[in-house]
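Here is how names work: the chains are called A, B, and so on, in the same order as the sequence lines, proteins then strands, and each is numbered from 1. The basis for the numbers below is simple: all heavy atoms, side chains too, and nothing from hydrogens, waters or symmetry mates.
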Number of protein chains: 2
Amino acid sequence: MELSCKSEYAMLALLALANHYTQGEPRQIRQIATEQQIPDRYLEQLLATLRRGGLVRSERGAKGGYLLAREPWKVTLLEIVECIEGLKTRSSATKSSPKTIESAIVREIWQEVRQTTHSVLQKYTLQDLKEQRDAKQQLNIMYYI
Amino acid sequence: MELSCKSEYAMLALLALANHYTQGEPRQIRQIATEQQIPDRYLEQLLATLRRGGLVRSERGAKGGYLLAREPWKVTLLEIVECIEGLKTRSSATKSSPKTIESAIVREIWQEVRQTTHSVLQKYTLQDLKEQRDAKQQLNIMYYI
DNA sequence: TTATACCCCGGTTCTCCACTGGGGTTTGTT
DNA sequence: AACAAACCCCAGTGGAGAACCGGGGTATAA
């Protein structure tokens, strides 16, 4: 369960798609990449992963691009991170079950940590991020005046 | 902020030290390593890190070994993880401040996740682990009867 | 003096991240 | 039909870190 650059990029891309969700028109990799300052060839791979994970769908050919596969409020951040990080299980988590009592105890703590991270990520959807974005946008305009 | 194998080993080692804390005699790497099933040369490195981090102190020479630097209830799991993982900041966290509004939003979420992980790890001390261990120990004995 | 411990440094293999690049395929437009 | 715009797949690269192994040095008790 990482919070790597990959996940951040994925979030940004999906948020970009969520912002244009009502239009119903696909957005291109290049667009998103320049808008969100992400290396485009890298973003391409991430979007492919998200597509295989069923979070976005793509349209090929000219005027093609990517669209959210679901409504923004039906996509939790947990789904995104799990899709992109691919259920990493570092720390020899599942493999090699704990032999000593002590290691069982430690694993329980690890489990608790993982659980709380999950619940944080699960309580937010793309819609929430979009709303936060809009709020912040408004704030910036206010300051500008 | 990782939950790698390293951290698990460190926890186990410190827990092993905590269990013998009242004796006041140092425990050797080899002892701990065989008891907790950790490769000893690797454990050596981790204990060195913990020593530099002020969590354990060492006595050299024959009859030497390692001791907890503080009482078990004064060592939080967060300290251990931070000492061993060395304040990792993956995801380009601190470096390269967010340029877009969207990335600022995502960073806030990241921050929240990190915060909750911290608070979970901070609420436990080595003493707590020791007590959990003892409780589980008792349970196993009960089952055996 | 010797055996026992820690101490320090270095190297290895592996995996993953964050990219970059080449070439192929689908599709709308002219 | 030709073309360009997009996605698609696959491959490679450089660096970092994890999880080790090993050698040789140094302090200390017996």
Side-chain angles (χ1 to χ4, degrees), chain A residues 1-13 17 25-34 36-53 56-67 69 81 84-93 95-96 103, chain B residues 1-13 17 25-34 36-53 55-67 69 81 83-93 95-96 103:
Chain A
M1 181 55 46
E2 262 333 274
L3 298 187
S4 60
C5 204
K6 284 173 78 168
S7 303
E8 190 180 331
Y9 288 162
M11 293 276 179
L12 294 175
L17 293 183
E25 300 206 330
R27 302 204 67 195
Q28 292 79 37
I29 293 176
R30 295 292 302 273
Q31 265 187 25
I32 303 173
T34 56
Q36 301 294 332
Q37 318 236 56
I38 305 173
D40 54 349
R41 300 310 301 275
Y42 193 38
L43 179 58
E44 187 184 343
Q45 293 175 30
L46 301 181
L47 282 169
T49 308
L50 292 171
R51 180 175 50 76
R52 281 187 283 269
V56 301
R57 59 194 174 81
S58 63
E59 286 177 9
R60 306 186 62 171
K63 290 280 176 70
Y66 288 90
L67 297 129
V81 173
I84 222 70
E85 307 282 356
L87 293 168
K88 287 292 153 45
T89 171
R90 216 171 186 91
S91 97
S92 71
K95 67 159 185 176
S96 80
S103 93
Chain B
M1 180 56 47
E2 264 331 274
L3 298 187
S4 60
C5 202
K6 284 174 78 169
S7 303
E8 190 180 330
Y9 288 162
M11 293 276 179
L12 293 175
L17 293 183
E25 299 205 333
R27 303 203 65 194
Q28 293 79 36
I29 292 176
R30 294 293 301 274
Q31 264 187 26
I32 304 173
T34 57
Q36 301 294 331
Q37 319 237 56
I38 306 172
D40 55 348
R41 300 308 301 274
Y42 193 37
L43 179 57
E44 186 184 343
Q45 292 175 32
L46 300 181
L47 282 168
T49 308
L50 293 171
R51 179 176 51 77
R52 282 187 283 270
L55 291 176
V56 301
R57 59 193 173 81
S58 63
E59 286 177 10
R60 306 186 61 171
K63 289 281 176 71
Y66 288 91
L67 297 129
V81 173
C83 172
I84 223 69
E85 308 281 356
L87 292 168
K88 286 294 151 44
T89 171
R90 215 174 187 92
S91 98
S92 73
K95 66 160 184 175
S96 79
S103 93

Does some side-chain heavy atom of B:Ser103 sit less than 4.5 Å from a side-chain heavy atom of A:Glu8?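 Yes, close enough: below the 4.5 Å cut-off.
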
Going by the rule side chain to side chain donor-acceptor pair (under 3.5 Å), which residues pair with [X] if we only count those two or more places apart in sequence or in a different chain?
X: B:Arg51; answer: none
X: A:Arg57; answer: none
X: B:Gln28; answer: B:Gln31

With nearest nucleotide decided by heavy atoms, which residue, A:Tyr42 or B:Gly65, maps closer to the 5′ end of DNA chain C?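 Closer to the 5' end of DNA chain C: B:Gly65.
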
Go along nucleotides 23-30 of chain D 5' to 3' and tag each nucleotide: B for a protein heavy atom under 4.0 Å from its base, S when only backbone or sugar atoms are that close, - otherwise. B-BBBBSS

It should be established whether [X] places a side-chain nitrogen or oxygen under 4.0 Å from OP1 or OP2 of nucleotide [N].
X: B:Tyr66; N: C:dC7; value: yes
X: B:Arg52; N: C:dC7; value: no
X: A:Ser4; N: C:dC16; value: no
X: A:Tyr9; N: C:dC19; value: yes

How close or far is atom [atom2] of [N] from atom [atom1] of [X], stated in whole angstroms?
X: B:Gln45; N: D:dA19; atom1: CD; atom2: P; result: 11 Å
X: A:Leu47; N: D:dC8; atom1: CG; atom2: C1'; result: 12 Å
X: A:Leu43; N: D:dC8; atom1: CG; atom2: C1'; result: 14 Å
X: B:Leu67; N: C:dA5; atom1: CG; atom2: P; result: 14 Å

With sequence neighbours excluded, what pairs up with A:Arg60 under the salt bridge (charged side-chain N to carboxylate O under 4.0 Å, His left out) test? none

Take the C1' atoms of the five end pairs on each side of the helix from C:dT1-D:dA30 to C:dT30-D:dA1, derive the two axes, and give their angle rounded to 10 degrees. 0°

